[in-house]
Amino acid sequence: MLLNSLLVIGMAAAVTYLLRSGGLLLAEALPRRGRVKQFMDALPGTILVALVAPGVYQAGLPGQIAALATALCAWRSGNVLLAMVVGMAVVAGGRYLY
Amino acid sequence: MAASMMVAGRRERLRAGALATLPVAISVMAYGSVLGVLAAQKGITWQLLLAMNLSIFAGSAQFVMVEMWHPPLPILEVTLAVLAINLRYLLIGASLQPIFAGDSLLKRLGFIHLVADENWAITMAAHRRGAATPEYLLGGGLCLVTAWSAGTLGGHLLGGLIARPEALALDFAFLAVFTALAVSLWRGARDLPAWAVTIVLAVLTEQILPGKWYIVIGGVGGALVATCQSPTVAEAAAEEKAPCC
């Protein structure tokens, strides 16, 4: 059992590490110009948007209002921590009221 | 990025990354305690849990692993599930390439391990300001692995630190922090088509496919839209000046 446990953790760790390092090293081999550059430059933003979009969609109206408040606060203040606290406060308030 | 911008020393850069990650690390700890409780219920020892934290260091993959933890362990199925959930790290790793420009292979291979969604996003936002370095990324990673381990082991040994993180909106902390960071990655109106396509693709994929495919499909689909746009004047000029080396 212990051997199997270590094996399954080792496999998961190897796969995860290969993905992380593989992405970094493959990007090195790509040319940094033209459409590849456009793709790579757009990627951080689109990954981040893809990361949040379903969660915000499913969070219902309080979550969507909170996400909007977070985005506005981040936009106006440039302060990520403040924006996070504002978003959480709106959600907590919304859940309390519901 | 010009070397002259990195005036601060190694230690300061590590600390800056760790401090920037601290607020979201609190939520990471709370969710870690939930995982710790689940792991204890499955009979996973705290030593194995710690080994997972340090060697895998990927929250959602670890949740799925613990969920699938029934003897005899389905090693192949677990490995494939982890591969599918963590496929996004291929993109995340690729997007970190500019931050490691000029660094040795050993440094890349060492630093890339402690990359999670949270410190990656914070580092990419800092990169926009010209403040991102590999040490900044690693500082965030060290902060997260500490919080994650403290949370999971705390939950395992003492029970859940916070029984229902949702009541304190701690589940929303992740969405809030990623939303705020996305705002700082916004490059203006030209991002609108790509981001709109990303939102549609991610929301639809999340309804259809399990795991984290929505991040991969939404992220790649949106970035492909960006390649269909003609490069801006600034981009074209930068390309003229800096031929590929």
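Since the model is a prediction, treat every value here as computed from it, not as a measurement.
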Looking only at non-hydrogen atoms, find the nearest pair between [X] and [Y] and report the distance.
{"X": "B:Pro23", "Y": "A:Met84", "answer": "O-CE, 3.8 Å"}
{"X": "B:Ser95", "Y": "A:Pro44", "answer": "CB-CG, 4.1 Å"}
{"X": "A:Ala27", "Y": "B:Ala94", "answer": "CB-O, 3.4 Å"}
{"X": "A:Gln38", "Y": "B:Ala226", "answer": "NE2-O, 3.7 Å"}
{"X": "B:Val220", "Y": "A:Phe39", "answer": "O-CE1, 3.7 Å"}
{"X": "B:Thr79", "Y": "A:Met11", "answer": "OG1-CB, 3.4 Å"}

Is [X] close to chain A through its backbone or its side chain, or both, or neither, when contacts mean heavy atoms under 4.5 Å?
{"X": "B:Phe100", "answer": "side chain"}
{"X": "B:Asp117", "answer": "side chain"}
{"X": "B:Gln207", "answer": "side chain"}
{"X": "B:Val78", "answer": "side chain"}
{"X": "B:Leu87", "answer": "both"}
{"X": "B:Ser184", "answer": "neither"}
{"X": "B:Ala61", "answer": "neither"}

Please state whether the side chain, the backbone, both or neither of [X] comes within less than 4.5 Å of a heavy atom of chain B.
{"X": "A:Arg95", "answer": "side chain"}
{"X": "A:Leu25", "answer": "side chain"}
{"X": "A:Leu82", "answer": "neither"}
{"X": "A:Ala66", "answer": "both"}
{"X": "A:Tyr17", "answer": "side chain"}

Select, from [options], the one with the greatest count of heavy-atom pairs under 4.5 Å involving chain A.
{"options": "B:Pro72, B:Ala125, B:Ala180", "result": "B:Ala180"}
{"options": "B:Met52, B:Gln62, B:His113", "result": "B:His113"}
{"options": "B:Ala51, B:Ala202, B:Gly93, B:Ser55", "result": "B:Gly93"}

Quick check: do [X] and [Y] have side-chain heavy atoms less than 4.5 Å from each other?
{"X": "B:Asp191", "Y": "A:Thr46", "value": "no"}
{"X": "B:Phe174", "Y": "A:Val52", "value": "no"}
{"X": "A:Leu6", "Y": "B:Leu48", "value": "yes"}
{"X": "B:Met124", "Y": "A:Leu48", "value": "no"}
{"X": "B:Trp69", "Y": "A:Val8", "value": "yes"}
{"X": "B:Leu91", "Y": "A:Leu43", "value": "yes"}
{"X": "B:Ile92", "Y": "A:Leu19", "value": "no"}
{"X": "B:Val203", "Y": "A:Val56", "value": "no"}

How many angstroms lie between [atom1] in [X] and [atom2] in [Y], if you round to the nearest 0.5 Å?
{"X": "A:Arg32", "Y": "B:Gln97", "atom1": "CZ", "atom2": "CD", "value": "5.0 Å"}
{"X": "B:Leu19", "Y": "A:Leu81", "atom1": "CG", "atom2": "CG", "value": "11.0 Å"}
{"X": "A:Asn4", "Y": "B:Ile75", "atom1": "CG", "atom2": "CD1", "value": "4.5 Å"}
{"X": "B:Ser27", "Y": "A:Met88", "atom1": "OG", "atom2": "CE", "value": "5.0 Å"}
{"X": "A:Leu3", "Y": "B:Leu73", "atom1": "CG", "atom2": "CG", "value": "11.0 Å"}
{"X": "A:Asp41", "Y": "B:Leu185", "atom1": "CG", "atom2": "CG", "value": "11.5 Å"}

Flag yes if more than 12 heavy atoms outside [X] fall under 6.0 Å of its [atom1] atom; otherwise flag no.
{"X": "B:Trp46", "atom1": "CH2", "value": "no"}
{"X": "B:Met68", "atom1": "CE", "value": "yes"}
{"X": "A:Gln58", "atom1": "CD", "value": "yes"}
{"X": "B:Phe63", "atom1": "CZ", "value": "yes"}
{"X": "B:Ile208", "atom1": "CD1", "value": "yes"}

Working for side-chain contact (heavy atoms from CB on, under 4.5 Å), residues A:Thr16 and B:Val82 = CA-CA 7 Å; A:Thr16 308; B:Val82 169; 3.5 Å; yes

**Contact leader toward chain B among A:Val15, A:Asn79, A:Leu7, A:Ile47, where contacts are heavy-atom pairs under 4.5 Å** =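 Of A:Val15, A:Asn79, A:Leu7, A:Ile47, A:Ile47 has the most heavy-atom pairs under 4.5 Å with chain B.
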
| query | With chain B, which of A:Ala71, A:Ala14, A:Gly10, A:Ala92 has the greatest number of heavy-atom pairs at distances under 4.5 Å? | reply |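 The residue among A:Ala71, A:Ala14, A:Gly10, A:Ala92 with the greatest pair count is A:Ala71.
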
- Query: Counting only N and O atoms by type, is there a donor-acceptor contact under 3.5 Å from the side chain of B:Tyr89 to the main-chain atoms of A:Gly22?
  - Reply: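 No: the side chain of B:Tyr89 does not pair with the backbone of A:Gly22.
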
Donor-acceptor pair, B:Arg108 side chain versus A:Leu24 backbone, under 3.5 Å?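 Checked: no pair found.
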
